[in-house]
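Written below as structure tokens is the structure these notes are about.
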Amino acid sequence: MFNLMDTLGFRMQLKPIFHVLGFASLLLVVGCKPAEQKAQTHADKCIAPEKLVQQIYSQNLKLHNLTTTQVSEYFEPVMADRIKDEIQCRKTQQVCNIDFDIFSDMQDPPNKLKPTLSFDKKNNTVRAEIKDNSENKVLTYEMGGEGCEKIKNIVYAGDYDLDMLLSNPTEEEPDNSVEAENTPETASSVVHSQN
């Protein structure tokens, strides 16, 4: 009986500890719930790749009229930075990398384009077929990014893509070959060769 009393006393001492542990577990479970809800809310805001591309055409977006918010909404960060640089270049009236409509691959696209879109889940791409009276174009939007899918690149028929075009520097490098011809060393060698 003495052992039973000791055991009951020990249990009585542990009872408050079990209450604290139970309460802490409850707080942990309840505290994590809002984080799950935030993740679900973020996922609910994501737009399916095909719908994202469809919005570009339904809003009749053009590269040089995009706002920084729109660039960030549609393009993943690396591509968004390059596009912002291209837009800034255009504002300074310099020779820039892009001289066509990136969403149609046309020099002078019609006002409203209504492409046929299809999503390839395996390759994570959206194919846009644009049929115009004068031209038929096929663009492939490569999707990527963490969280919500955004446009990583646009591939055009003819072996070129937006990433490649925007990777080229927009400032022309000075031609040093002319200066090399007129250096003192080359001038003296020209004089010697004439004698």
Side-chain angles (χ1 to χ4, degrees), residues 37-176:
Q37 288 173 344
K38 283 182 185 177
Q40 288 174 343
T41 303
H42 178 68
D44 291 341
K45 291 181 181 180
C46 290
I47 300 171
E50 193 172 347
K51 285 188 178 188
L52 185 76
V53 173
Q54 181 60 47
Q55 283 182 355
I56 290 169
Y57 294 104
S58 64
Q59 295 176 17
N60 200 29
L61 297 179
K62 303 294 180 211
L63 172 67
H64 302 296
N65 295 330
L66 292 173
T67 65
T68 54
T69 302
Q70 288 172 319
V71 171
S72 297
E73 284 176 18
Y74 290 102
F75 295 92
E76 72 171 6
V78 172
M79 181 59 74
D81 288 343
R82 289 181 178 166
I83 288 175
K84 288 173 188 174
D85 290 345
E86 180 70 14
I87 292 169
Q88 189 60 39
C89 175
R90 182 63 94 188
K91 288 178 182 177
T92 61
Q93 306 287 324
Q94 293 179 9
V95 176
C96 303
N97 290 318
I98 306 295
D99 64 349
F100 65 97
D101 177 48
I102 66 169
F103 302 121
S104 69
D105 191 21
M106 297 178 188
Q107 198 67 37
D108 297 311
N111 247 357
K112 275 284 193 188
L113 294 170
K114 295 183 180 180
T116 303
L117 300 177
S118 58
F119 179 61
D120 181 348
K121 190 172 186 173
K122 179 182 171 191
N123 293 319
N124 201 25
T125 59
V126 176
R127 179 183 165 103
E129 293 183 49
I130 302 168
K131 295 184 181 186
D132 184 43
N133 294 336
S134 60
E135 298 183 70
N136 293 330
K137 299 285 185 172
V138 176
L139 288 72
T140 304
Y141 290 82
E142 295 177 344
M143 308 304 285
E146 292 184 28
C148 297
E149 295 283 325
K150 295 183 180 186
I151 300 167
K152 181 168 76 172
N153 194 13
I154 303 174
V155 180
Y156 306 99
D159 294 331
Y160 65 100
D161 60 64
L162 187 60
D163 182 50
M164 177 185 74
L165 294 171
L166 293 176
S167 295
N168 293 327
T170 54
E171 295 180 19
E172 292 186 27
E173 296 292 324
D175 187 8
N176 293 331

Original post:
Going through the checks in order, is the side chain to side chain contact (heavy atoms under 4.5 Å, CB included) test met by Gln59 and Gln70?
Top reply: CA-CA 11 Å; Gln59 295 176 17; Gln70 288 172 319; 4.0 Å; yes
Subject >> Interatomic distance, Ser167 atom OG to Asp161 atom CG [nearest 0.5 angstrom] >> reply: 8.0 Å
**OP:** Indicate the atoms forming the closest heavy-atom contact of Leu117 with Ala128, along with that distance.
**Re:** CD2-CB, 3.5 Å
Subject >> Closest approach of Glu149 to Asn124 (non-hydrogen atoms, all atoms of both residues) >> reply: OE1-ND2, 2.8 Å
**OP:** Taking all non-hydrogen atoms of both residues into account, name the closest pair between Lys150 and Leu52 and its distance.
**Re:** CA-CD2, 3.9 Å
Original post:
What's the spacing between Glu73 CD and Leu66 CG if we round to 0.5 Å?
Top reply: 10.0 Å
Original post:
Is there a side chain to side chain contact (heavy atoms under 4.5 Å, CB included) between Ile151 and Met143 once you walk through the steps?
Top reply: CA-CA 5 Å; Ile151 300 167; Met143 308 304 285; 4.0 Å; yes
Original post:
Is atom NZ of Lys91 surrounded by more than 12 heavy atoms (other residues, nucleotides or ligands) closer than 6.0 Å?
Top reply: no
**OP:** Give the intermediate values and the outcome of side chain to side chain contact (heavy atoms under 4.5 Å, CB included) for residues Met79 and Asn153.
**Re:** CA-CA 7 Å; Met79 181 59 74; Asn153 194 13; 3.8 Å; yes
**OP:** Mind listing the closest non-hydrogen atom pair of Val95 and Cys89 along with its distance?
**Re:** O-SG, 3.8 Å
Original post:
Got Lys84 and Ser72 here, is their nearest side-chain heavy-atom distance under 4.5 Å?
Top reply: yes
**OP:** Tell me, yes or no, whether the heavy-atom count around Asp159 atom CG, taken from other residues, nucleotides or ligands under 6.0 Å, exceeds 12.
**Re:** no
**OP:** Provide the closest heavy-atom pair for Ile130 versus Met106 in the form atom of the first, atom of the second, distance.
**Re:** CG2-CE, 3.7 Å
**OP:** Please assess Arg127 against Asp120 for the test side chain to side chain contact (heavy atoms under 4.5 Å, CB included), listing each intermediate value before the final yes or no.
**Re:** CA-CA 8 Å; Arg127 179 183 165 103; Asp120 181 348; over 6 Å; no
Original post:
If you measure from CD1 on Ile56 to CD1 on Ile102, what distance do you get to the nearest 0.5 Å?
Top reply: 7.5 Å
Subject >> Aromatic plane relationship, Phe103 with Tyr57 - under 30° parallel, 30 to 60° tilted, over 60° perpendicular >> reply: perpendicular
Original post:
Is the NZ atom of Lys62 crowded by more than 12 outside heavy atoms at less than 6.0 Å?
Top reply: yes
Subject >> Heavy-atom closest pair, residues Ile83 and Leu162 >> reply: CD1-CD2, 4.2 Å
Subject >> Sub-4.5 Å side-chain heavy-atom contact between Tyr141 and Thr125 >> reply: no
**OP:** Can you measure from CD (Glu129) to OG1 (Thr140) and round to the nearest 0.5 angstrom?
**Re:** 9.5 Å
